[in-house]
Amino acid sequence: MSKTPLNRAPIGPKANDCTIDLLIMGSGTGMAAALAAQEQGLECLVIEKTEFVGGSTALSGGAFWIPANRTLLESGSTDDLDKAKKYLDALVGDNSSAVRRHAFLSNGAAAVDMLLRTTPMHFFWAKGYADYHPEKPGGDLLGRSCECKPFDISKLGAERHRFRGSPMEAPVPMPVTGADYKWMNLMLRRPFKAFPLILKRLAQGVGGLLLGRKYVAGGQAIAAGMFAGLLRAGVPVWTDTRLIRLNTDGNKVIGAVVEQRGEQFTIQVRKGVVLAAGGFDHNLIKRQKYQSPYIVDDLSMGAAGNMGDTLDIVEPLGVQTGLMEEAWWFPAVAPLSKGEKPMILLAERSLPGSLIINEEGKRFINEATDYMSFGQFIRKQEAGGKPIQTMWFIFDQFYKNNYLIAGSIFPRMPFPKSWYQAGIVHQATTVTELAHAINVPAEGLAETISRYNDFAEAGADPDFQRGKSAYDHYYGDPTVHPNPNLRALTGKLYALRLVLSDLGTCGGVMTNEYAQVLREDGVPISRLYAIGNNAANVFGRSYPGAGGTIAQSIVFGYVAAKHAATSQ
């Protein structure tokens, strides 16, 4: 029996000419639209450009931010839609359509219920993961983010090999949720909280294997759960299949031409087409055109197939676009070499005993701020002619001994030699020595660290307000007082090179409250819908809380399916 080539998925279903109700382009959260359509009685089909099912969702943290949903309320949250509306109105303002975001709120709970009915998934509230801007009216200190409980990926059966796996495999089978990660990161600081969780996940991972199960968490869990729902419902997913063009009749989409392994096929649609194929994450030409000429390397963490193809395909229809300059920006550890991906950096920026500097050796931002705001500041500096040329994450030996770094360097574990050889990490016994190693002014770095240390001793950061927001505290160290985000640096020092990455772009075609794509004159194109990163962010230039990107795609996938089912 022949084996599947390494890193290549088995060939999926063979494409053919057909007539269906609803065609969904993209197998990330596009699967939510397919699940909702199937439940509405529509015959639907999902096509995926790459060889693997799951899209950027499978590579994500997997949380979703949907206010007042069942999981929140049954877990003790007192959230309600009026409070959430107040928050989004205050946060987003006129950067996005109020009608559209209110449609997100009014359909959110029903979309979550739909997933619970149509998939084997179970969700939990990541209680304590504050909204990203909890100080805004309606912001929630306990947060509104939910996650999928660890999911047994063996439920996919033979189709498991077509699922997009995680690029970071743990050395031991251990399904770690985002909520788990917060405490695992503090394993040496809060061992009585962390180690029971670690043992629980180890038992689940290792024990599952003994029973023929393989548990996954995060984006792997929610994407696999939706795929399992499609398999159970008999909804086909054609992989290695890309959209060539949309067929129209006046202002109505009537079908599409797709290509699979060199052959073209025509799909007629009775109800419409849903664009859910992601953004233009890896298209450097588009990114330089719409976002910044400083984007010269492909550093996005989005799925490899996200090239913005659908934007080119719908352009002749005269579509309206918006927020093309935006992305779900994400500061990350620099890749070891050109062409490799950056490494995750999440909790690290909030933990005490660390700071971030520019090429002048100076701090420039609240290191613990949400990642989208961090990136927007970088882009604003570029637009103003004052680009930040290099970023270094500075921390001391105590930090190194106590916290996880880049999701793979455990406390007290030495950095790999390859990191030093690549120049992305340096160590030194003095500030002057470190400054010379990373080519920043020694006097400037010394002054920065001295000033930061004074702030840490006082427990307040008047320069950048680090630790003032409840969001900052979520990934802080609760054993450090009076500010869990600030501690003076002492002794041996390290510098880790950072880059600005992203989780995907979030500008695209403009849609209305039914997820219909709009023409430049504001008229909706009949039978054409767009969700997720194919559409302009419903939250404008803002990120309300962990899982905002997955949430809006799930909700508007549900909305699009309902609208298609009741339209002619």
Side-chain angles (χ1 to χ4, degrees), residues 29 32 36 39 61-119 121-149 177-179 182 222 370 372-373 469-474 511-515 531-532 537-563:
T29 42
E39 193 179 43
F64 59 85
W65 190 90
I66 298 179
N69 73 75
R70 179 194 299 186
T71 298
L72 287 174
L73 302 181
E74 290 181 350
S75 300
S77 170
T78 57
D79 192 28
D80 63 62
L81 293 184
D82 287 339
K83 182 181 174 184
K85 178 181 180 298
K86 184 183 296 184
Y87 176 58
L88 287 183
D89 287 350
L91 179 65
V92 179
D94 59 3
N95 285 322
S96 175
S97 159
V99 173
R100 191 166 166 241
R101 66 174 177 266
H102 296 163
F104 165 80
L105 289 175
S106 61
N107 286 281
V112 173
D113 287 346
M114 179 275 296
L115 288 181
L116 291 171
R117 288 192 303 269
T118 60
T119 75
M121 290 190 289
H122 300 279
F123 303 133
F124 71 92
W125 176 26
K127 185 178 181 180
Y129 201 159
D131 288 345
Y132 285 174
H133 305 275
E135 66 281 354
K136 294 284 187 182
D140 200 312
L141 297 177
L142 294 179
R144 298 171 165 108
S145 300
C146 297
E147 289 189 65
C148 180
K149 292 181 179 180
T177 68
K182 166 186 166 66
I222 195 167
D370 72 279
M372 188 171 188
S373 295
S469 171
Y471 169 72
D472 294 2
H473 294 180
Y474 182 73
T511 60
N512 63 12
E513 67 269 31
Y514 302 111
I531 64 173
N537 181 14
V538 70
F539 307 123
R541 293 179 174 83
S542 306
Y543 205 157
T549 176
I550 287 177
Q552 61 183 290
S553 191
I554 288 173
V555 173
F556 280 105
Y558 171 79
V559 168
K562 277 185 62 181
H563 187 269

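Here the structure is a predicted model, which is why all the values come from computation and not from measurement.
A donor atom on one side chain and an acceptor atom on the other are not found under 3.5 Å apart for Ser77 and Arg144.
The aromatic rings of Phe64 and Phe123 sit perpendicular, their planes meeting at an angle over 60°, well past the 30° parallel limit. Ring-plane geometry between Tyr474 and Tyr129 is classed as parallel, the angle between the planes falling under 30 degrees on a 0 to 90 degree scale with a further cut at 60. Taking the six-membered ring where tryptophan is involved, the planes of Trp65 and Phe104 are essentially parallel, since the angle between them stays under 30° and well short of 60°.
Of the possible polar contacts, none joining the His563 side chain to the Val559 backbone as a donor-acceptor pair under 3.5 Å is found. At distances below 3.5 Å, at least one donor-acceptor pair connects side-chain atoms of Trp125 with backbone N or O atoms of Gly143. Looking only at distances, a side-chain donor or acceptor of Gln552 sits under 3.5 Å from a matching main-chain atom of Val538.
Contact record, Ala470 with Leu141: CB-CD2, 3.5 Å, taken as the closest heavy-atom pair. Across all non-hydrogen atoms, the minimal contact from Tyr543 to Met372 is CB-SD, 3.6 Å. For Ala546 against Ala63, the heavy-atom pair with the smallest separation is O-CB, 3.9 Å. Scanning both residues, Gly108 and Val555, for their nearest heavy atoms gives CA-CG2, 3.8 Å. Minimum heavy-atom separation, Ala179 to Phe124: CB-CE1, 3.9 Å. The two atoms that bring Pro137 and Ala90 nearest to each other are CD-CB, 3.8 Å, heavy atoms only.
Around atom NZ of Lys136, no more than 12 heavy atoms belonging to other residues, nucleotides or ligands sit under 6.0 Å away. Other residues, nucleotides and ligands place no more than 12 heavy atoms under 6.0 Å from the NZ atom of Lys562.
Atom CE of Met114 is separated from atom OG1 of Thr119 by 8.5 Å, given to the nearest 0.5 angstrom. Atom CG of Leu72 sits about 11.5 Å away from atom NZ of Lys127, to the nearest 0.5 Å. Once rounded to the nearest 0.5 Å, the distance linking CG of Asp82 with CG of Leu105 reads 10.0 Å. Put simply, OG1 on Thr549 and CG on Asn537 are 7.5 Å apart, with the number rounded to the nearest 0.5 Å. Taking CD of Glu147 as the reference point, atom OG1 of Thr177 lies at 4.5 Å (rounded to 0.5 Å). Between the CG atom of Leu115 and the CD1 atom of Ile222 there is a distance of 6.5 Å, given to the nearest 0.5 Å.
Put simply, the side chain of Lys85 does not reach to within 4.5 Å of the side chain of Lys83, judged on heavy atoms. In this structure, the side chains of Arg101 and Asp89 come closer than 4.5 Å at one or more pairs of heavy atoms. By the 4.5 Å heavy-atom criterion applied to side chains, Leu88 and Pro544 are counted as neighbours.
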Could you give me the CA-CA distance, side-chain angles and deciding distance for His133 and Ser373, then say whether side-chain contact (heavy atoms from CB on, under 4.5 Å) is met?
CA-CA 10 Å; His133 305 275; Ser373 295; 3.8 Å; yes
